[in-house]
Amino acid sequence: MCGRFVLFTPADVIAAEFQASPIPRLTARYNIAPSSTILMVREVGGHNILEPARWGVVPAWLRERAGASQLINARSETAAEKPTFAAAFRQRRCIVPADGFYEWQKLDSRKQPFYFSKAEGGLLSLAGLWEAPQTQGEPPCCVILTTDANELMRPVHNRMPVVLTRQARSIWLDTGITDTDALMPLLAPASDGVLTKWPVGARIGRASEEGSDLLSRVGR
């Protein structure tokens, strides 16, 4: 799964990377938790827009949505078939920009968090799906798609967020593409060498913790 991520790249750099507009206000975040306001990129009328979104979706089919648990991830292998995400998979795809993300490795008596980022530096393009807001005036909401772990991730966790390649980004955002068979190959685990990782401190387990020092390597 993907339960925490990081975004500190300035908004104007993100907008330039995705050829998107407008440029929203952005505060660097080093411990983004579910229900937070994040940024997402989506296509509207043939142009990419960069806008705030809430991380977490409450399924529209729930009769009692107030207070219901939010879904923050969706399995890429089955999202196109599940009633909760099938329509969004065809019509409402997005990218969540991130500088990195965290995952926890289960040890005998504790969990060790690791930070994953792009090996060569720069932004990660996490594949997502978005939904319209539940209440007028609120931002849209979104989930991050996950896939099987690659070799780097496997010792830590059996799942990882889908990291889109630069070539895959334009296809994923293209609202004219609704054929799931054309989209599924984009959702493979990240290739070897794309990511790097190192262990970080347990403070990130508390959503109230913030600051660039959360990325500091601990141990060996």
Side-chain angles (χ1 to χ4, degrees), residues 1-76 79-80 82-102 123-146 161-162 164 169 172-176 178 183 204 206-210:
M1 64 174 293
C2 178
R4 297 287 172 85
F5 71 94
V6 171
L7 183 62
F8 53 79
T9 294
D12 60 335
V13 176
I14 299 172
E17 172 72 16
F18 292 97
Q19 297 182 326
S21 61
I23 302 175
R25 182 175 299 177
L26 175 66
T27 300
R29 297 283 306 279
Y30 297 88
N31 194 14
I32 300 173
S35 297
S36 297
T37 298
I38 62 175
L39 290 183
M40 74 173 182
V41 182
R42 63 185 178 100
E43 185 188 84
V44 177
H47 300 282
N48 289 345
I49 65 170
L50 179 63
E51 65 179 341
R54 191 189 73 236
W55 184 19
V57 169
V58 177
W61 47 263
L62 283 180
R63 291 184 178 180
E64 297 294 334
R65 302 181 72 189
S69 297
Q70 298 179 20
L71 303 176
I72 62 170
N73 294 152
R75 293 178 66 92
S76 61
K82 297 291 185 181
T84 303
F85 299 114
F89 196 96
R90 293 191 302 271
Q91 303 166 359
R92 294 184 294 278
R93 299 183 299 274
C94 66
I95 290 174
V96 176
D99 284 283
F101 60 91
Y102 301 103
L123 285 166
L124 298 173
S125 300
L126 307 184
L129 305 173
W130 68 273
E131 293 287 354
Q134 298 179 36
T135 305
Q136 188 175 4
E138 292 184 349
C141 49
C142 68
V143 298
I144 294 173
L145 293 178
T146 66
V162 173
L164 294 171
R169 293 189 325 195
W172 182 249
L173 291 178
D174 189 341
T175 55
T178 58
L183 297 166
I204 67 161
R206 298 188 294 273
S208 60
E209 295 286 346
E210 261 296 348

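- Annotation: side chain of Leu39 is in contact with side chain of Pro24 (closest heavy-atom distance under 4.5 Å).
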Check the pair Ile144 / Trp55 against side-chain contact (heavy atoms from CB on, under 4.5 Å), numbers first and verdict last. CA-CA 8 Å; Ile144 294 173; Trp55 184 19; 3.9 Å; yes
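- More than 12 heavy atoms of other residues, nucleotides or ligands shown are found within 6.0 angstrom of CD on Glu138.
- Residues Cys142 and Arg54 are not in side-chain contact: their nearest non-hydrogen atoms beyond the backbone lie 4.5 Å or more apart.
- Nearest heavy-atom pair, Pro97 versus Leu123, reported as atom, atom and distance to 0.1 Å: CB-CD2, 4.4 Å.
- Closest heavy-atom contact between Asn73 and Cys2: OD1-N, 2.7 Å.
- Residues Ile95 and Arg169 form a side-chain contact, since some pair of their non-hydrogen atoms from C-beta on lies under 4.5 Å apart.
- In this structure Thr37 satisfies the side-chain hydrogen bond (donor to acceptor under 3.5 Å, both in side chains) test with no other residue, sequence neighbours excluded.
- When side chains are defined from C-beta on, Gln19 does not count as touching His47, because their heavy atoms never get closer than 4.5 Å.
- Residues Cys141 and Trp130 fail the side-chain proximity criterion, which asks for heavy atoms closer than 4.5 Å.
- Contact annotation: the side chain of Pro52 never approaches that of Ile38 to less than 4.5 Å [non-hydrogen atoms, C-beta and beyond].
- Taking 4.5 Å as the limit, some side-chain heavy atom of Val41 sits within range of a side-chain heavy atom of Leu50.
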After noting the C-alpha distance and the side-chain angles of Glu209 and Arg4, does the key distance pass the salt bridge (charged side-chain N to carboxylate O under 4.0 Å, His left out) rule? CA-CA 12 Å; Glu209 295 286 346; Arg4 297 287 172 85; over 6 Å; no
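- Listed by first and then second residue, the salt bridge (Lys or Arg N to Asp or Glu O under 4.0 Å) pairs that reach into residues 84-100 are Arg92-Glu131, sequence neighbours excluded.
- Taking every heavy atom of both residues into account, Pro139 and Ala53 meet most closely at CB-CA, 4.1 Å.
- A pairwise comparison of heavy atoms in Ala80 and Phe89 identifies CB-CD2, 3.7 Å as the closest pair.
- For Glu210, the side-chain hydrogen bond (donor to acceptor under 3.5 Å, both in side chains) criterion is met by Arg29, not counting sequence neighbours.
- The CG atom of Leu164 lies 8.5 Å from the CG atom of Leu145; values are rounded to the nearest 0.5 Å.
- Ser21 places no side-chain N or O within 3.5 Å of a backbone atom of Ile49 that could act as its donor or acceptor partner.
- Note that SG of Cys94 is 6.5 Å distant from CG of Leu129, once rounded to the nearest 0.5 Å.
- Two residues are said to be in side-chain contact when any heavy atoms from C-beta on lie closer than 4.5 Å; Leu126 and Val162 fail this criterion.
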I'd like to know whether Leu7 forms a side-chain contact (heavy atoms from CB on, under 4.5 Å) with Ile14, so could you lay out the CA-CA distance, the side-chain angles of the two residues, the decisive distance to 0.1 Å, and finally the verdict. CA-CA 10 Å; Leu7 183 62; Ile14 299 172; 3.8 Å; yes
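- The ring-ring contact (aromatic ring centres under 6.0 Å, His included) test applied to Phe18 returns no partner, not counting sequence neighbours.
- Partners of Phe85 according to the ring-ring contact (aromatic ring centres under 6.0 Å, His included) rule, which considers only residues two or more places apart in sequence or in another chain, do not exist here.
- To the nearest 0.5 angstrom, Phe8 atom CZ is 14.5 Å from Thr27 atom OG1.
- Taking both residues in full, the closest heavy atoms of Gly100 and Leu124 are given as CA-CD1, 4.0 Å, listed atom of the first, atom of the second, then distance.
- Checked against the 6.0 Å centroid criterion, the rings of Phe5 and Tyr102 do not qualify as a close aromatic pair.
- With sequence neighbours left out, Asn48 forms a side-chain hydrogen bond (donor to acceptor under 3.5 Å, both in side chains) with no residue at all.
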